[in-house]
Protein chains: 4
Amino acid sequence: MIPDVGARVWVVPGGRIPFPAHGAEPEFSGFDQLCILNATDEEAQVSLDVYYEDAEPVGPYRIPVGARRIRHIRLNDLIDPEAIRLDRPYGCLLRSPVPVVVQFLRQDTRLPGALGLATTLAHPT
Amino acid sequence: MIPDVGARVWVVPGGRIPFPAHGAEPEFSGFDQLCILNATDEEAQVSLDVYYEDAEPVGPYRIPVGARRIRHIRLNDLIDPEAIRLDRPYGCLLRSPVPVVVQFLRQDTRLPGALGLATTLAHPT
Amino acid sequence: MIPDVGARVWVVPGGRIPFPAHGAEPEFSGFDQLCILNATDEEAQVSLDVYYEDAEPVGPYRIPVGARRIRHIRLNDLIDPEAIRLDRPYGCLLRSPVPVVVQFLRQDTRLPGALGLATTLAHPT
Amino acid sequence: MIPDVGARVWVVPGGRIPFPAHGAEPEFSGFDQLCILNATDEEAQVSLDVYYEDAEPVGPYRIPVGARRIRHIRLNDLIDPEAIRLDRPYGCLLRSPVPVVVQFLRQDTRLPGALGLATTLAHPT
């Protein structure tokens with residue numbers, strides 16, 4: 001029996017998809033990634049809103065995460081309602097009908113021969 | 001309807017703006033950055049105090065963050081009441097009249113050809 | 001007298017053991033690592049379940065951590081009930097009968113001459 | 001008026017001082033660092049216990065942090081009651097009589113020409 005783990009709202013303030021990238025794709029693409037774990041027995045229809053410095057929030061983006069599954073999604077790949085422009089500062093807020101846990105990961109290959117890697121949990125509410 | 005997310009006080013103990021930097025500016029400058037997300041419908045007049053190892057705190061620095069907006073601010077760019085000296089250890093405490101979420105990000109280009117990247121959420125109170 | 005510190009359930013959503021690796025082994029192997037601190041006076045029989053994007057969770061893996069001890073375990077080294085495939089996205093959920101603290105660390109040496117390092121606390125419940 | 005911020009007990013499970021190091025010292029030494037912010041009006045006599053995989057905890061180490069001050073201390077520099085051996089896995093537990101905030105930072109220069117940087121808040125109790 002798995003306890004309910006996590007929270008229904010998560011926030012990442014520090015988004016910015018690195019651009020340009022160097023190295024073979026897709027393994028050395030630059031990306032921002034959200035990693036979601038859903039330990040419950042129900043599918044989580046996660047919705048994501050993207051916040052900007054100079055425009056109203058855009059969303060919701062829909063990210064289904066199956067029961068007892070994870071999902072690692074590159075923000076670069078979100079296109080509906082609109083793509084997130086590369087190299088533009090943003091933040092995001094996720095909401096889920098069931099408790100999930102969210103981690104943020106950046107891979108930065110803007111500098112040839114170098115690998116910038118950074119991660120943090122999102123902030124739960 | 002967005003719930004109130006975040007907290008009104010946030011702390012980052014581990015500041016130190018990397019110096020010197022290598023590579024084109026501003027994209028490969030060395031910096032410490034605060035990333036703030038304000039999901040509320042009110043502008044947040046965030047105030048920041050900077051703590052040092054060997055001197056009284058300096059502040060407040062004023063960082064307005066619009067309603068439903070993010071702001072990514074490099075500590076290097078704060079000059080009023082005074083600039084934060086490069087390569088000097090510091091910490092900071094942020095206060096906001098409305099709940100916000102704060103993330104810390106460092107880009108370190110002191111070593112030519114290398115890219116040091118590190119991030120963490122700030123500590124909420 | 002040490003207070004009870006930590007929690008009994010911890011989650012890391014963003015696993016993916018980097019592959020391939022470059023440099024001498026084992027110091028420059030690519031790995032995901034869980035770092036567990038048990039400050040209590042009882043051994044902690046930590047159990048770990050691994051979640052995937054496209055399959056049911058696998059577990060439990062057993063990780064004993066002695067009283068007043070730490071343990072740093074590379075996910076690469078877990079083989080019972082089955083090895084975690086390299087370069088495959090996963091997440092994990094740890095449960096302990098006594099409070100512990102869990103940190104996640106990745107070392108990424110996929111790019112020759114570069115060193116990607118990222119860490120975060122796991123999420124406690 | 002600054003509110004009491006932080007906690008009195010903090011834990012970092014994932015310590016390991018990188019060795020060897022490459023590059024000029026002390027700026028490119030490999031190190032694990034604890035960054036402590038004390039926003040209170042009282043000096044904090046922080047005490048630190050170090051946990052190992054195969055030995056009883058060692059401590060307390062004494063780290064005074066002045067009122068309204070930060071302190072960034074490299075674990076490499078702690079020598080009383082004994083030095084922390086390089087490249088040996090450890091964890092640590094900090095206790096403070098007044099609330100403080102603690103962040104962990106690693107700089108890894110084991111690979112010439114590369115810079116591994118990772119940070120996370122410690123876990124508060």
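Screening residues 11-41 of chain D for ring-ring contact (aromatic ring centres under 6.0 Å, His included) gives no qualifying pairs among residues at least two apart or on separate chains.
The CG atom of D/L105 sits 6.0 Å away from the CZ atom of B/R106 when rounded to the nearest 0.5 Å.
Side-chain contact check for D/I36 versus B/P13: every heavy-atom pair is 4.5 Å or farther apart. Side chains of B/E53 and D/R69 form no contact here, defined as non-hydrogen atoms less than 4.5 Å apart.
Contacts of D/P124 with chain B are made by side-chain atoms alone, with heavy-atom separations under 4.5 Å and no backbone atom involved. At a 4.5 Å heavy-atom cutoff, the contact between B/D54 and chain D is made by backbone atoms alone. The contact between D/Q107 and chain B is made entirely by side chain atoms (from C-beta outward), counting heavy-atom distances below 4.5 Å.
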Pairs under 3.5 angstrom only: tabulate donor-acceptor contacts from the side chains of residues 113-123 of chain D to other protein residues two or more places apart or in another chain.
unit_1	atom_1	unit_2	atom_2	d
D/T119	OG1	D/Q103	NE2	3.0
D/T119	OG1	D/F104	O	2.6
D/T120	OG1	C/L121	N	3.3

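Of all heavy-atom pairs spanning D/H72 and B/G15, the tightest one is CE1-O, 3.1 Å.
No other option in B/P57, B/P112, B/A55, B/G91 has as many heavy-atom pairs under 4.5 Å with chain D as B/A55. Ranking D/V102, D/T109, D/V100, D/I70 against chain B, the residue ahead of the rest is D/I70, based on heavy-atom pairs under 4.5 Å.
For B/E42, the CD atom sits in a loose shell: 12 or fewer heavy atoms of surrounding residues, nucleotides or ligands are nearer than 6.0 Å.
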